[in-house]
Amino acid sequence: MDLNFSPAELAFRDEVRAFLREQLPADIAQRIRNGLSIRADDYRRWQTILYRKGWGAPTWPKQFGGTGWSPVQLHIFDEESAAAGAPRTIPFGLKMVGPVIMAFGNPTQQQRWLPRIVSGEDWWCQGYSEPGAGSDLASLQTKCVDAGDHWLINGSKIWTSGAQYADWCFCLVRTDTTKKHEGISFVLIPMHQPGVETRPIKLIAGNSPFCETFFTDAKAAKDDMVGPLNGGWTVGKRLLQHERSGQGGGRMLGGGLSVDELAKKYVGVDDQGRIADPDLRTRITRHLIDARAHMLTIQRAMAEAKGNVNPSATTSVMKNSGTWVGQEKAELTLEIMGSQGLGWEGDAFSREEREAVRGWLSGKATTIFGGSQEIQANIVSKRILGLPDTTQNG
Ligand SMILES: Cc1cc2nc3c(=O)[nH]c(=O)nc-3n(C[C@H](O)[C@H](O)[C@H](O)COP(=O)(O)OP(=O)(O)OC[C@H]3O[C@@H](n4cnc5c(N)ncnc54)[C@H](O)[C@@H]3O)c2cc1C
């Protein structure tokens, strides 16, 4: 297997670099490079620019308005975008609900929803978790009943990322109270209606990336159930695999200087030009081996997949490996920078220094969202290693 880029792939990389140089708004790149969060409007602005270029849906096949890029092209696009300070594409439409509408939606649903995701017209959010249903997601209680010409939804969701900006919510709801997994359906709910209320949850850093979301006699159209009535668990699980495949990529490792370069800068070098602290040197070497092994495994999996876009339980391996290596890098970075790494904002701190503590804090969430690391380990044990089933979470 050849892991080097071909001449055509190198030419593609040049094209991506030129596009980013010319089209990426400087204010957005600057905020991202400074470790600051960007606004919903900035995400929409960037999505519109990508759409106009014909790159609105990098991971989608051409028949649904995507680029039809190979896995290697996608990898190049993602790496170059991260290096340039481009925002991630908003995952909820493009990487989560879009692919399941392609797989489980009927042609009418595909024609209605998919173009609006590519163009960025609709912002989606994910209504899965509830106060009593996180890892054990199938315990969810939000009820959806047949009210004749529409569905009527009552209940509440939590940790709904970006719900305050969303136009639509893809939601797992209970349509049969006598069964667990087989009593769940997957329904698309408009957020702009009287029966929907979002309450942003304020974090210690002052921002509110997610909300509590309340449905009180909220309505959904009869046509807006994806997959069969009570068949939503299969749809919902496939969506989670797509979600996790986006969480195991190179972006989890962060951009900027690598930890060995940082250590040489902050800790100094010995007379042979090596990082001065031998213990730190050993730990950095281990981390670099982990990171390289993770990236090579992604490239190998992409080469073996040969364009097959349906994710599998392997995404759980990638998610755990990518998020662990990302957290390892964040820990080492803070340690190397010492008190300079605690700078939150202001001119006394460089960009890397301001990013360090923010990256360390936000990185904590990566082993929780999309299903915790323990739940991924359970899925690997059950679905890949074939060990006895001890959980209902996968
Ligand atoms: C930043 C962020 C964004 C999020 N965005 C969304 C969103 O947009 N939409 C949405 O629906 N949800 C979202 N979530 C919620 C996320 O999916 C849940 O937090 C996650 O699934 C864990 O559920 P929980 O918080 O209820 O923890 P719990 O399920 O209560 O788990 C607590 C601990 O117990 C462990 N545990 C639980 N069961 C088992 C088991 N069977 N075996 C071993 N260990 C176990 C877990 O690993 C965890 O360490 C988000 C979470 C975060 C942090």
Side-chain angles (χ1 to χ4, degrees), residues 37 40 43 88 90-97 100 123-142 153 155-174 180-181 184 186-189 191 196 198-215 232-233 235-237 239-244 246-247 251-252 315-316 319-320 323-324 326-327 330 358-383 385 387-394:
S37 54
Y43 280 110
R88 290 161 170 274
I90 311 159
F92 300 101
L94 284 170
K95 295 193 175 152
M96 292 158 75
V97 74
V100 301
W123 183 303
W124 288 83
C125 65
Q126 177 185 34
Y128 274 31
S129 306
E130 296 181 6
S135 299
D136 185 13
L137 185 57
S139 295
L140 62 92
Q141 297 296 325
T142 294
I153 298 117
S156 68
K157 297 285 174 180
I158 195 161
W159 317 125
T160 333
S161 299
Q164 66 270 51
Y165 313 116
D167 305 300
W168 289 86
C169 179
F170 53 88
C171 207
L172 286 177
V173 290
R174 183 150 300 288
K180 196 172 180 185
H181 299 75
I184 292 172
F186 189 99
V187 71
L188 310 178
I189 305 174
M191 293 294 279
V196 177
T198 57
R199 290 189 204 153
I201 301 169
K202 199 164 185 177
L203 298 187
I204 192 171
N207 60 335
S208 296
F210 40 40
C211 298
E212 293 177 278
T213 305
F214 299 90
F215 299 108
W233 187 246
V235 182
K237 267 198 315 184
L239 186 140
L240 283 172
Q241 289 179 337
H242 282 286
E243 181 178 359
R244 288 165 191 154
Q247 292 166 350
R251 279 223 176 192
M252 286 293 160
T315 53
S316 294
K319 194 209 167 204
N320 269 2
T323 50
W324 281 333
Q327 289 183 349
R358 289 171 196 273
W360 180 79
L361 281 170
S362 61
K364 298 289 173 200
T366 60
T367 42
I368 302 173
F369 59 53
S372 70
Q373 57 186 323
E374 290 80 10
I375 296 307
Q376 304 319 305
N378 285 342
I379 293 170
V380 172
S381 124
K382 189 164 90 180
R383 303 217 178 276
L385 302 177
L387 297 174
D389 185 1
T390 55
T391 175
Q392 292 297 305
N393 304 132

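Order of appearance sets the numbers: ligands from 1, and atoms from 1 within every ligand. Because the structure is predicted, anything quoted here is derived from the model rather than measured.
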Taking only residues at least two apart or on different chains, which pairs with a member in residues 160-173 satisfy salt bridge (Lys or Arg N to Asp or Glu O under 4.0 Å)?
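The answer is R44-D167.
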Taking R88 for the side chain and Y43 for the main chain, is one N or O donor matched with an acceptor at less than 3.5 Å?
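The answer is no, because no donor-acceptor pair under 3.5 Å joins these two groups.
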Using a 4.0 Å heavy-atom cut-off, which part of S372 comes near ligand 1: side chain, backbone, both, or neither?
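For S372, only side-chain atoms sit under 4.0 Å from ligand 1.
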Indicate, as side chain, backbone, both or neither, the part of L137 found under 4.0 angstrom from ligand 1 when only non-hydrogen atoms are considered.
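Neither part.
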So if I count the atoms of ligand 1 from 1 in the order they appear, which ones are less than 4.0 Å from some heavy atom of [X]?
X: A365; value: 1 (C)
X: I375; value: 38 (N), 39 (C), 40 (C), 41 (N)
X: S161; value: 3 (C), 4 (C), 5 (N), 6 (C), 7 (C), 8 (O)
X: N378; value: 40 (C), 41 (N), 42 (N), 43 (C)
X: Y128; value: 11 (O)

Is there a donor-acceptor contact under 3.5 Å linking the side chains of T142 and E130?
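Yes, E130 and T142 have a side-chain donor paired with an acceptor closer than 3.5 Å.
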With no hydrogens and no angle check, just 3.5 Å: does a side-chain donor-acceptor pair link T367 and Q327?
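Side chains of T367 and Q327: pair found under 3.5 Å.
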Of S129, G162, P91, which has the heavy atom at the shortest distance from atom 15 (C) of ligand 1?
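It is S129 that holds the nearest heavy atom.
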Heteroatom proximity flag, S135 to ligand 1, N/O under 3.5 Å
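Yes - when backbone and side-chain N and O of S135 are compared with those of ligand 1, one distance drops under 3.5 Å.
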Would you check the N or O atoms of Q126, main chain and side chain alike, for any that come under 3.5 Å of an N or O of ligand 1?
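Yes; at least one N/O pair falls below 3.5 Å.
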For M191 against C169, the heavy-atom pair lying closest together:
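Looks like SD-CB, 3.6 Å.
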Shortest non-hydrogen contact from L188 toward W168:
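So the minimum-distance heavy-atom pair works out to O-CZ3, 4.0 Å.
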ring-ring contact (aromatic ring centres under 6.0 Å, His included) involving F215 - partner list, sequence neighbours excluded:
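Counting only residues at least two positions away or on another chain, F215 forms no ring-ring contact (aromatic ring centres under 6.0 Å, His included).
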